[in-house]
Structures are given as structure tokens and as C-alpha cells.
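When a ligand or atom number is given, it counts from 1 through the structure's own listing order. Keep in mind that this is a model prediction, so the values were computed, not measured. We number each residue from 1, following the sequence as shown.
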Amino acid sequence: MSVLESLQAHESGRVRGPIGRTLDEMRRLEYHPAARTDTPGSHQHRLVYDCEHQTRLPGTLRRREAQPPCDDADVNRAYDGAGTTHEFYRTVFGRNSLDGHGRHVISSVHYGVQFDNARWDGAQMLYGDGDGVVFKSFTRFLDVIAHELTHGVIYNETRLGYEGQAGALNESLADVFGSLVKQWAHRQTAAQADWLMAKGIFRPPIQAKALRSLAAPGSAYNDKRLGLHDTQPAHMRDLVTDEIRDPVHTNSGIPNHAFYLFAKALGGHAWETPGRIWYDTMCTGLRENCGFATFALQTLFAAEKYGTTTVEALTRAWRLVGVLED
Ligand SMILES: [Zn+2]
């Protein structure tokens, strides 16, 4: 079960309405990768719209590239988050926007009423305001923005599906680069980073640190009253195979943790060697049904040019999570 489904099952009254509507809306939303044509260019181009609590996309244009901040904090945060993510991919990997060809980044804020999610729909970003009880506004979290935009990069670079281990890899890549964008923006080393996705997204008094933890999968939230329990595994022995627990967002804990262990072992900035190896691996065109072990071997191949110490640290990380055998 996803976080939203767990909440829907346990929470009475206050947020059932918004969460139920969000789940319905998520099922209704389609992925349309070819929609809306953009004029590619060498400079980034952001457009931020306001849905004004409707679900018609993109809504009313509120801020375009190079315009000063407007009086809507969500518009400005969506604009800034898209900008930081773009700058990360440009300066760290020499990538020009999500498609590598300067695609415009369109965002829409205030999507729906108390919508409890953020999403890249293949053509644009959309952000809900959160229900105000459990979740805060989704524009507040740079790693959430970068996670969702990275789905656009993954779509362009890989054929990864959204089921089984390939689906979990899809989610893990989005988490890894989401976390790296945040670390890069704060110039944090692997030791300084919190390795949490969406730290503080749950409103108090909910017992939760974040949506996910790359450092300690399974520890991000635990609120019995709300029926919330983080079931992400950190090792292959705990791989989730039932369909009830949202396996794509659950099993991503395993490759997430391998990346964390590798980055911690190397030290320094995780977006440098570890990030480059993951990026290069992603850009080899991962197959639709790529499993963890295949992905791990591809990362080892990409790591070879960094020397024996790096390859050994990476091998150890994949062994520690049980993807490669001793
Ligand atoms: Zn995702």
C-alpha cells in the first residue's frame, strides 16, 4: 500500500476526502509523453501556471522565464525548483534540460483541491497544495521536484518500465537524483546530507521524518495511529513481492541504499563520482525489464574508469544489499 492508501484506510474524517480524491485523480491522470511541443533552445525556459484549484492543465500562466517573483509562493517555488534541477543537470552532467535538447519545463501549481501529490505527467509538472492536515504543499520540497523532473530524464534515456524490479529502479533513479539535486544545492558532502526524501512533508503531530530514507530504508515514518509504517527494504532478503505494498516505491529502497552505501564509502560530494556513474549507467539505455543485478553490473562497468578502489567500494555496496553475491 502506498502512503496515501494507508492513510485512506486508517484515517477517519479529516483527510479521507482529500486523500480519496487524490487517489482517484492519480488513477485518472494519464502519462502523455508526446504531448505539447516545445521549441528547444540552449537556454532554460520555465513556464509556471496556476490551476486555481481546477484540474484543467496547464491553467493560467503566472510566471515565465526571467520574470521576477510573483506574489504566489507556490509559483515561485515551482519556478526555482525547476531552475535548480535544470542547473544541476547542466553543470554536473552537461545535460540541457530533461530531454537533453533544451525542452521547456512547464509546471502547474494549485492543482485540484487539497491534492496530496506532485507529479510529472510526461509533458509537465503538476503540484497539489496538500490537504493541510497530513501533507504540506508539495512545492516546498526541492528533492520532490527533482525526483519528479528526473522521471522526465529517465523517460528520455531509458526504456525502464514501471513494474517489478525495473519499476523500482525507475523510482530509485528518481530518488537518487532527487537527493543529489538537494545535496548539490546545499553543497553537502555524503556525510553531511540527510539522505531523506521530502524531509518534514508530514505535518505534526504525525510521527514521520520524511517519505523515504536512502540511508535507512524502512525508517522514514512510523505512526501506528495513522496505520503508517515504512516497509521499504534495505536488502534483497526483504524484497516485497506482493502487490499490496506498492512494490515499486517499496523495493526502490534496495538500490537507493546501495547508492547511499557507495557514496558514503567514497566520501566527498555524492554527485561527483557516484552520481556520474549512476548517470552514465542511466544513459546506456536500460531495458524495459532491467533487474537490480543487471543494473548493478552496468554500474560496475561504468565505474571501471575510476579505478580499482571505486570498483571495490561499489561491489561492496551491491553485496551489502544482497544484489550481488559474495
Ligand atoms: Zn517517482
Hey, which protein N/O/S atoms does the Zn ion (ligand 1) have under 2.8 Å?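 Metal shell, protein only: His147 NE2, His151 NE2, Glu171 OE1, Glu171 OE2.
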
Is the distance from the ring center of Phe88 to that of Phe93 below 6.0 Å?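 Centroid distance Phe88-Phe93: below 6.0 Å, so yes.
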
Counting the benzene-type ring for Trp, do Phe135 and Phe138 have ring centres under 6.0 Å apart?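 That pair passes the under 6.0 Å test.
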
If the test is ring pair (Phe, Tyr, Trp, His ring centres under 6.0 Å), which one of His86, His101, His104 qualifies with His45?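 The ring pair (Phe, Tyr, Trp, His ring centres under 6.0 Å) with His45 is passed solely by His104 among His86, His101, His104.
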
In plain terms, say whether Arg77 and Asp74 are close enough for a salt bridge, that is, a side-chain N and a carboxylate O under 4.0 Å apart.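 A salt bridge is present here (some side-chain N lies under 4.0 Å from a carboxylate O).
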
Check for me, please, whether Leu286 and Ile154 land in the same ILVMFWY cluster - side-chain distances under 4.5 Å, paths through other members count.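 Yes: a chain of side-chain contacts under 4.5 Å links Leu286 to Ile154.
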
Give the other cluster members for Phe301, using side-chain heavy-atom distances under 4.5 Å between Ile, Leu, Val, Met, Phe, Trp and Tyr residues; answer none if it is isolated.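 Reading the cluster by chain and number, Phe301 sits alone, since nothing else belongs.
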
